[in-house]
Protein chains: 2
Amino acid sequence: MARKPPTKPRKNASQERSRATVDALVEATARILVREGFEKASTNRIAEVAGVSVGSLYQYFPGKEALVAAVIERHNQEIMGLVRAALNEVADMPVETAVRKLVTVAIEAHRIDPKLHRVLAEQIPRTGQLKDVEAFNREVHTLVRAYLESRRKEMRKIDPGLATFICVSAIEAVAHNTVLNQAEMLSEKMVRTLVDETTRMVVGFLRRAA
Amino acid sequence: MARKPPTKPRKNASQERSRATVDALVEATARILVREGFEKASTNRIAEVAGVSVGSLYQYFPGKEALVAAVIERHNQEIMGLVRAALNEVADMPVETAVRKLVTVAIEAHRIDPKLHRVLAEQIPRTGQLKDVEAFNREVHTLVRAYLESRRKEMRKIDPGLATFICVSAIEAVAHNTVLNQAEMLSEKMVRTLVDETTRMVVGFLRRAA
DNA sequence: CTATAATGCGAGCTATCGCTCGCTTTTTCT
DNA sequence: AGAAAAAGCGAGCGATAGCTCGCATTATAG
């Protein structure tokens with residue numbers, strides 16, 4: 001009989017078994033969000049799908065929000081990986097090449113898991129994750145801006161921040177809408193044309209010639 | 001004593017008092033969505049804020065979803081009014097003028113009630129209103145496309161559907177992000193520059209000269 | 001092997017949600 | 001005026017949500 005109960009720090013996972021539990025919980029949350037929607041993602045259900053008890057869930061996550069936040073975090077890391085790699089790859093290449101790559105990556109990123117992406121986009125405001133997602137956006141913004149500034153010679157006179165804002169918004173929106181409205185926009189050829197045209201728009205916007 | 005209870009059609013509002021009730025309910029729903037968030041928008045709370053009983057609520061709306069749907073409908077009508085007016089106004093004007101007007105209107109539309117706009121965008125998938133919102137998007141798309149086709153002479157060779165898709169996505173995204181990230185993008189002068197640059201991008205994209 | 005910490009369990013509490021139903025009040029009709 | 005229809009009311013129902021707590025099981029240390 002321990003008089004002093006071992007102090008439950010309520011969140012750390014040091015052993016391996018517990019890390020597996022945490023993973024299972026995050027994965028289960030993602031699956032439920034995609035397959036059954038946010039309202040079905042009760043803590044009881046998440047635990048059930050993860051093959052874990054509710055009690056264990058609450059040892060690692062302070063609540064439902066934290067689970068969703070973890071899923072968002074994971075998904076964002078995945079996307080940031082793609083974006084960082086792409087920008088690194090094109091760092092020394094001309095604007096046209098870089099923009100084309102960025103557009104392509106944006107579409108790929110949305111294709112990782114469109115349904116999850118959609119659900120998460122909806123739930124972000126609820127999770128208090130706004131800060132993290134803003135950080136995510138800021139990083140994209142910063143990376144793109146750095147690239148653009150390094151290529152200033154190829155570009156007309158324009159505020160780099162503004163240019164970044166407009167380009168990123170436009171590219172992201174085209175990718176987002178393309179992937180989410182699969183019904184009408186679908187074939188590989190269409191996608192290629194779309195990349196061509198979007199690239200053209202952005203490059204035309206940035207280039208010297210008016 | 002009526003043996004046959006008067007049949008409750010469960011939704012029609014014929015008298016004036018009832019129409020006021022319905023309005024109050026929709027208005028209350030919007031207010032709660034904006035000020036307290038979706039999860040606080042319980043039917044009990046909505047009725048309370050509307051100064052109406054839950055019972056009355058259920059005489060006109062089959063459930064919570066219907067309330068949110070009504071708010072979405074109202075908001076969309078407001079925006080469509082602006083868009084229709086704008087496109088009508090510029091119907092005979094050159095592309096540059098038209099695009100500038102559209103960009104301006106897009107920002108104005110988002111400014112009507114940014115917070116509401118955000119919350120609604122999040123809740124749309126939940127309400128089964130997807131169809132209505134798609135119809136809304138299709139109308140914008142159709143109107144813009146019709147305009148572009150009428151101005152084909154000023155434009156380079158490009159599929160009108162694709163051009164519309166890219167332009168509308170880009171314009172909407174810039175407006176959306178501008179209004180929602182007020183923190184960093186704010187001053188009137190900035191807005192004007194933003195409109196200029198966005199117009200430049202879209203017009204450059206559509207125009208003949210490559 | 002035994003003690004102690006770490007992890008896992010799940011019945012069940014409390015709170016709240018969406019919603020109904022029997023009734024009263026107001027309006028309309030004749 | 002009186003009767004019937006329309007509108008409004010709100011206590012309270014069943015369901016389910018988030019979450020806790022006392023205990024069981026598994027891993028680590030001495």
Side-chain angles (χ1 to χ4, degrees), chain A residues 1-29 32-33 36-70 123 126-128, chain B residues 1-29 32-33 36-70 123 126-128:
Chain A
M1 284 153 203
R3 291 249 268 109
K4 232 187 194 174
T7 319
K8 275 193 183 176
R10 182 57 153 304
K11 207 156 187 247
N12 254 359
S14 55
Q15 294 185 10
E16 187 170 343
R17 187 168 47 134
S18 55
R19 246 171 285 128
T21 301
V22 170
D23 278 1
L25 285 167
V26 175
E27 181 57 33
T29 307
I32 295 174
L33 285 177
E36 311 175 35
F38 182 80
E39 33 279 329
K40 297 284 181 164
S42 66
T43 50
N44 286 326
R45 189 83 228 286
I46 291 171
E48 179 192 326
V49 170
V52 155
S53 83
V54 227
S56 297
L57 186 156
Y58 279 95
Q59 283 194 347
Y60 302 109
F61 297 92
K64 182 181 161 179
E65 279 191 3
L67 264 310
V68 179
Q123 302 312 331
R126 245 191 274 314
T127 56
Chain B
M1 285 152 207
R3 288 248 270 111
K4 231 187 193 173
T7 319
K8 275 193 182 173
R10 181 58 153 301
K11 210 162 187 239
N12 254 357
S14 54
Q15 295 185 11
E16 187 169 343
R17 186 172 45 137
S18 54
R19 244 169 287 129
T21 301
V22 169
D23 278 0
L25 285 166
V26 175
E27 181 57 32
T29 305
I32 295 173
L33 285 177
E36 310 176 35
F38 182 79
E39 35 279 327
K40 298 283 182 164
S42 68
T43 51
N44 286 327
R45 188 85 228 285
I46 292 171
E48 180 192 326
V49 171
V52 154
S53 82
V54 226
S56 296
L57 185 156
Y58 279 95
Q59 282 193 349
Y60 303 109
F61 297 93
K64 183 181 161 181
E65 279 191 3
L67 265 310
V68 180
Q123 302 311 331
R126 248 190 274 312
T127 57

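Chain letters run A, B, ... following the sequence lines, proteins first and then strands; every chain starts at 1.
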Enquirer: Take atom CZ of B/R19 and atom P of D/dA6, then tell me their distance rounded to the nearest Å.
Expert: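 One finds 14 Å between P of D/dA6 and CZ of B/R19, rounded.
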Enquirer: Please give me every residue in residues 43-52 of chain A whose heavy atoms get under 4.0 Å of an atom in DNA chain D, ordered by residue number.
Expert: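 Result for residues 43-52 of chain A: A/T43, A/N44, sorted by number.
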Enquirer: Apply the side chain to side chain contact (heavy atoms under 4.5 Å, CB included) test between A/Y60 and each candidate in A/L67, A/V26, A/V22; give the one that qualifies.
Expert: A/V22
Enquirer: Hey, is the side chain of A/T21 poking within less than 4.0 Å of OP1 or OP2 on C/dG8, counting only N and O atoms?
Expert: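 Answer yes for this pair, as a side-chain N or O of A/T21 is under 4.0 Å from OP1 or OP2.
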Enquirer: How would you list, by chain and number, every residue that makes a side-chain contact (heavy atoms from CB on, under 4.5 Å) with A/E48, sequence neighbours excluded?
Expert: A/R45
Enquirer: Does A/F38 form a side chain to side chain contact (heavy atoms under 4.5 Å, CB included) with A/V68? I'd like the steps, not just the answer.
Expert: CA-CA 9 Å; A/F38 182 80; A/V68 179; 4.2 Å; yes
Enquirer: Using only side-chain N and O atoms of A/Y60, determine if any of them is under 4.0 Å from OP1 or OP2 of C/dG8.
Expert: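 A/Y60 to C/dG8 OP1/OP2: side-chain N or O found under 4.0 Å.
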Enquirer: Does D/dC9 have OP1 or OP2 sitting under 4.0 Å from an N or O in the side chain of B/S56?
Expert: yes
Enquirer: Whole Å only: how far is the CG atom of A/D23 from the P atom of C/dT7?
Expert: 14 Å
Enquirer: Among C/dG18, D/dT20, D/dG18, which nucleotide sits nearest the side chain of A/V54?
Expert: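 So the side chain of A/V54 is nearest to D/dT20.
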Enquirer: Please report the shortest heavy-atom distance between B/T29 and B/L25, naming the atom on each side.
Expert: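 That would be OG1-O, 2.7 Å.
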Enquirer: Return the minimal non-hydrogen interatomic distance between A/L33 and A/A41, and the atom names on each side.
Expert: CD2-CB, 4.2 Å
Enquirer: How close or far is atom P of C/dT28 from atom CZ of B/R17, stated in whole angstroms?
Expert: 9 Å
Enquirer: For the NZ atom of B/K40 and the CD1 atom of B/I32, what is their distance to the nearest 0.5 Å?
Expert: 11.0 Å
Enquirer: Among all residues two or more places apart in sequence or in another chain, which pass the side-chain contact (heavy atoms from CB on, under 4.5 Å) test with B/S56?
Expert: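 Expected list: B/V52, B/S53.
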Enquirer: Between C/dT16 atom C1' and A/E39 atom CD, what is the distance in whole Å?
Expert: 17 Å
Enquirer: Check the phosphate of D/dT20 against A/Y58, side-chain N and O only, distance under 4.0 Å to OP1 or OP2. Yes or no?
Expert: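 So the side chain of A/Y58 is outside the cut-off, no N or O lying under 4.0 Å from OP1 or OP2 of D/dT20.
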Enquirer: Return the value, rounded to whole Å, for the distance between atom CD of B/Q59 and atom C1' of C/dT24.
Expert: 13 Å
Enquirer: Just how large is the angle between the end axes of the helix from C/dC1-D/dG30 to C/dT30-D/dA1, five pairs per end, to 10 degrees?
Expert: 10°
Enquirer: At their closest point, which heavy atom of A/Y58 faces which heavy atom of A/G63, and how far apart are they?
Expert: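 Heavy-atom minimum between the residues: CE2-CA, 4.0 Å.
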Enquirer: B/K64 has an atom NZ; how far is it from atom P of C/dT16, in whole Å?
Expert: 14 Å
Enquirer: Atom CG of B/L57 and atom C1' of C/dC17: how far apart are they, to the nearest Å?
Expert: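 After rounding, the gap between these two atoms is 13 Å.
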Enquirer: Please identify each residue that fulfils salt bridge (Lys or Arg N to Asp or Glu O under 4.0 Å) with A/E39, with sequence neighbours left out.
Expert: B/R126
Enquirer: Grab the CG-C1' distance between A/L25 and C/dC9 for me, whole Å please.
Expert: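 So the two atoms are 13 Å apart, to the nearest Å.
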Enquirer: Under the rule for side-chain contact (heavy atoms from CB on, under 4.5 Å), what residues qualify as partners of A/A28, not counting sequence neighbours?
Expert: A/I46, A/V49, A/A50
Enquirer: When you check the phosphate oxygens OP1 and OP2 of D/dG8, does a side-chain N or O of B/S53 lie under 4.0 Å from one of them?
Expert: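 No.
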Enquirer: Starting from the 5' end of DNA chain C, give me the residue, B/E16 or B/E65, whose nearest nucleotide shows up first.
Expert: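 Closest to the 5' end, via its nearest nucleotide, is B/E65.
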